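Below is one structure, written out as structure tokens, with a few remarks after it.
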Amino acid sequence: MQYSNRPLLQKMIEFKKTDHLSLHVPGHKGGLLSSLPVDLRSALAYDVTELEGLDDLHEPTGVIYEAEQKLAALYEAERSFFLINGSTVGNLAMVYAVCQEGDTVIVQRNAHKSIFHALELTGARPVFITPDWDLETCTPGPITADQINEAVKAYPETKAIILTYPTYYGETGTELEEVIRICHANEIPVLVDEAHGAHFIVGAPFPRSALQMGADIVVHSAHKTLPAMTMASFLHIRSSLVSPQRVDRYLRMLQSSSPSYLLMASLDDARAYAEEYVEEDKVAFMDKRQSLIKELKKIPHLLVIEMDDPLKLIVRVEGVSGFDVQKAMDAAGIYVELADPYQVLLVLPLLKKGHHFPFETISDQLAAIVVQLDKSDGTAKAPHLSMPSEVVSVLHYTASELEQLPTEWLSYAQTVGKVAAASVVPYPPGIPLLLAGESVTEWHIQSLETLLAMGANFQGAIRITKKQILVVMNEVEE
């Protein structure tokens, strides 16, 4: 098979066919020295390095350059980059490209932890906007134009706006284009973590990409919704406010100097997959999706919520927490993206015409699972959660200031009124519940205890067995 629309992949296939000897890295020598299982070891023949004809990610002039040019053309970007350290490195690079120490940056509160890490590393001072709680989906919603407008008026010195679009659950809202217009009217660049929207480029019925609506930099996790390997992502820039050269500079610093050709080949393939996704593919996918939803809605006590992104579905079982539903589905061999106190999130495959996926098995298994859960005495009912009442907030201390302050571990109840010394993050989805430098409130503790009681997993400065959080020793001054 020819892969002419996948120039990097085609070149790697041609190279593999040549009679060559490896006196270079990597040390597995094309898989010869590997003791991995056969099906994994076979991929190592393509795990090469910057050899003649295979180009260089950090100075592309050949097939990688051609592949990235095709990527930019598809997304209508001024410049597009392959990312082999995940969307995390894209988020880091875009923040570094526009922010310096002390700069004010407006940030969506329900951002991914990599955004907060970028702010910490740059020393920027974030102003957080907390989105409204969406009662239908029981999740934080998108940021509104009014919220951005008020924040920009209150902080006219803002150097950048950092948004998450869509939300992890696939909600987009209808105001992003107006948000971008407001920001650009104030000459503020808009940086968008669009990790879950790499497939939006295929067009309706999928939402529009933030890049199509005028965002300056957009980062895509190609591996989340397109057929790319884990850690394989894209970054796109189209801006009069941000220099592509600055983004390129930081990507060279932050990405591995030994990039994975397997990951890059999968990015080349994922781009071509989206580019070749035609109208009949969309019709076939939507037909299969609708059939699945129809079958799921027949199941008593099960609620299906359709999100703005057709790849995302929320599934709820009446009176049962999402964590209990997830455990039951895991036991049946069906693994969902995440669970929360209310529901589980399904990420559907972006099928093309002719692809088969066992949706019938999923609906049959879920019907049996709901019966099992309905009879169980051990399931927990979902509590009421919300978002903090403070719409706009700032940190009491920056990361560098926190490093100079004494800290202590205190029980949850004792931390109210203290300042968190480090973040506490439910994972997945990786959106911090409590930020380093943020004042601990009753809302934080109630939400934390509720999530822990329901079986949520956490990362960060928390001792779950001792029920403690790491805080700054002095109290917040009112």
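Only a predicted model underlies this, so the values are computations on that prediction, with no experimental measurement involved.
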Trace of the side chain to side chain contact (heavy atoms under 4.5 Å, CB included) decision for L302 with V304: CA-CA 7 Å; L302 187 141; V304 180; 3.5 Å; yes

Hey, could you give me the CD1/CD1 distance between I293 and I305, rounded to the nearest 0.5 Å? 11.5 Å

Keeping S423 on the side-chain end and P432 on the backbone end, is there a donor-acceptor pair under 3.5 Å? no

With the side chain counted from C-beta on, respond yes when E295 and F359 share a heavy-atom pair under 4.5 Å apart, and no when they do not. no

Can you confirm whether the side chains of Y168 and E337 place a donor and an acceptor under 3.5 Å from each other? yes

Any sub-3.5 Å donor-acceptor pair from E194's side-chain atoms to A210's backbone N or O? yes

Heavy-atom closest pair (I314 atom, M307 atom, distance to 0.1 Å) is CD1-SD, 3.6 Å

Does K288, at its NZ atom, have more than 12 non-hydrogen atoms belonging to other residues, nucleotides or ligands within less than 6.0 Å? yes

Counting distance only, does the side-chain N/O of E178 pair as donor-acceptor with the main-chain N or O of E175 below 3.5 Å? no

S221 side chain to H223 main-chain N or O, any donor-acceptor pair under 3.5 Å? no

Would you say E76 has more than 12 foreign heavy atoms packed within less than 6.0 Å of its CD? no

Under 3.5 Å, is there a donor on one side chain and an acceptor on the other for D47 and H28? yes

Between OG1 on residue T167 and CG on residue D308, distance to nearest 0.5 Å: 8.0 Å

Any N457 side-chain heavy atom under 4.5 Å of P426 side chain: no

For residues H112 and P429, report the shortest heavy-atom separation together with the two atoms involved. CD2-O, 3.8 Å

On a heavy-atom basis, which atom in A77 and which in R238 lie closest, and how many Å separate them? CA-CB, 4.3 Å

Given side chains that start at C-beta, do those of E438 and L434 come closer than 4.5 Å, heavy atoms only? yes

Exercise: identify the closest heavy-atom pair between V98 and P189: CG1-CG, 4.4 Å

Flag for S239-E78: side-chain donor and acceptor within less than 3.5 Å: no

Heavy-atom side-chain contact between V325 and V315 under 4.5 Å: no

With the side chain counted from C-beta on, respond yes when I161 and L191 share a heavy-atom pair under 4.5 Å apart, and no when they do not. no

When you measure from the centre of the six-membered ring of Y65, is the NZ or CZ of K70 under 6.0 Å away and within 45° of the axis? no

Quick one: does S260's side chain have a donor or acceptor within less than 3.5 Å of a partner on L263's backbone? yes

Do D364 and T361 meet the criterion of a side-chain donor-acceptor pair at a distance under 3.5 Å? no

Any side-chain heavy atom of Q343 within less than 4.5 Å of one from T139? yes

To check you understand the geometry: which heavy-atom pair defines the closest contact between E136 and R316, and what is its length? O-NH2, 2.7 Å

I'd like to check V370 versus L373 (side-chain heavy atoms, cut-off strictly below 4.5 Å). Are they in contact? no

Do K352's NZ or CZ and the ring of Y273 fall within the cation-pi criteria of under 6.0 Å and 45°? yes

Decide if the gap between the ring center of F285 and the ring center of F357 is smaller than 6.0 angstrom. no

Neighbour count above 12 (heavy atom, 6.0 Å) for K224 NZ: yes

Interatomic spacing from NZ in K17 to CD1 in I13 - rounded to 0.5 Å: 7.0 Å

Evaluate the ring planes of Y342 and W133, with Trp represented by its six-membered ring, and classify them as parallel (under 30°), tilted (30 to 60°) or perpendicular (over 60°). tilted

Look at the side chain of R41 and the backbone N and O of L36, then say whether any donor-acceptor pair between them is shorter than 3.5 Å. yes

Exercise: do Q326 and D324 side chains pair donor with acceptor under 3.5 Å: no

Heavy-atom nearest pair, N91 first then S114, reads ND2-OG, 2.9 Å

Inter-residue atom distance L83.CG - S256.OG, 0.5 Å rounding: 12.5 Å

Name the orientation class of the two ring planes belonging to H220 and Y75 (parallel below 30°, tilted from 30 to 60°, perpendicular beyond 60°). tilted

Ring geometry between H199 and F206 (parallel below 30°, tilted from 30 to 60°, perpendicular above 60°): perpendicular

Starting from the C-alpha separation in whole Å, work towards a yes-or-no answer on side chain to side chain contact (heavy atoms under 4.5 Å, CB included) for L350 and L226. CA-CA 7 Å; L350 187 67; L226 294 178; 3.9 Å; yes

Between D268 and L9, is there a donor-acceptor pair closer than 3.5 Å when you use the side chain of the first and the backbone of the second? yes

Taking the side chain as every heavy atom from C-beta outward, state whether F82 and F234 have any pair of such atoms under 4.5 Å apart. yes

